[in-house]
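In what follows, every chain begins at residue 1, and chains take the letters A, B, ... in the order their sequences are listed. Please read these numbers as outputs of a predicted model, since none were measured by experiment. Computation of the quantities below employed the complete heavy-atom set of this structure, encompassing side-chain atoms and omitting hydrogens, waters and symmetry-equivalent molecules.
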Amino acid sequence: MFFRTAWSLVLRKGGLGIRGIHSPGDTAPSKGKMPPYTNYHAQRSYPMPDEPFCTELNAEQQALKEKEKGSWTQLSHAEKVALYRLQFHETFAEMNHRSNEWKTVMGCVFFFCGFTALLIWWQRVYVFPKKPLTLTDEWKSQQLQRILDMKGNPVQGLASQWDYEKKEWKK
Amino acid sequence: MSSSALGKPQMRGLLAKRLRFHIVGAVLVSLGVAAFYKFAVAEPRKKAYADFYRNYDSMKDFEEMRKAGIFQSAK
């Protein structure tokens, strides 16, 4: 949201001469930027941008803008809706509607996680060096036996799960 | 838009309502988590230590360790 205000300030001060995007009914694009690279962007946290949605108005729309300068009670319902559409691209309901984008995102995330898993598997087979001595099964079993002899964590931890009479893990 | 049939929305006290909801919820959740921890972790742990040390013979324990050969100063 802060980026939007900063961007509007930049546009105004820098005098970049960027026009608003053309109205939905236009055929030829205006001299300004084409959507979506315009300076109009509304979101729930920044719902009323500084520039109106349509700045290139045809004669009929300009007449409506003139009428807007008078008393608003003279505007018909259709005219009010037309003025709203000139100023804003979408209503709040349209702007805030939910989408199914999250499914695509999650799908891609899981896909690339799986791909990474394949890469790491390949690395394990072809790249990793031999296991150090202390990680071989023989060493690890001797290490475990020594810990049990020392009765490490006999109350709730490792040695508490070992049955010293039967010399096996407790069920 | 005078033809709409929507009622007037809630205009005041929005923060107070939200705060009340969340403060009550926070107190309840904290108490719940604390009670759960006490009865699922702390009490069983105290009991386990009490049971272990009730009939603990430290000399017998030492002899077992010595026979297993882990000491350097007492073979």
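- The aromatic rings of A:Phe53 and A:His89 sit parallel to each other, their planes meeting at less than 30°, with 60° as the upper class boundary.
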task: Start with the C-alpha gap between A:Phe110 and A:Met106, add the side-chain angles, then the distance that decides, and say whether side chain to side chain contact (heavy atoms under 4.5 Å, CB included) holds.
output: CA-CA 6 Å; A:Phe110 292 141; A:Met106 292 310 287; 3.7 Å; yes
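- Aromatic ring orientation, A:Phe115 versus A:Phe111: parallel (interplanar angle below 30°, classes split at 30° and 60°).
- In this structure, A:Ile120 and A:Thr116 have side chains that are in contact, with non-hydrogen atoms separated by less than 4.5 Å.
- Between A:Tyr126 and A:Trp122, the ring planes are tilted. Angles from 30° to 60° get that label.
- Within a 6.0 Å radius of CD in A:Glu60, no more than 12 heavy atoms belonging to other residues, nucleotides or ligands are found.
- Residues from residues 23-45 of chain B that place a non-hydrogen atom less than 4.5 Å from a non-hydrogen atom of chain A comprise B:Pro44, B:Arg45, given in numerical order.
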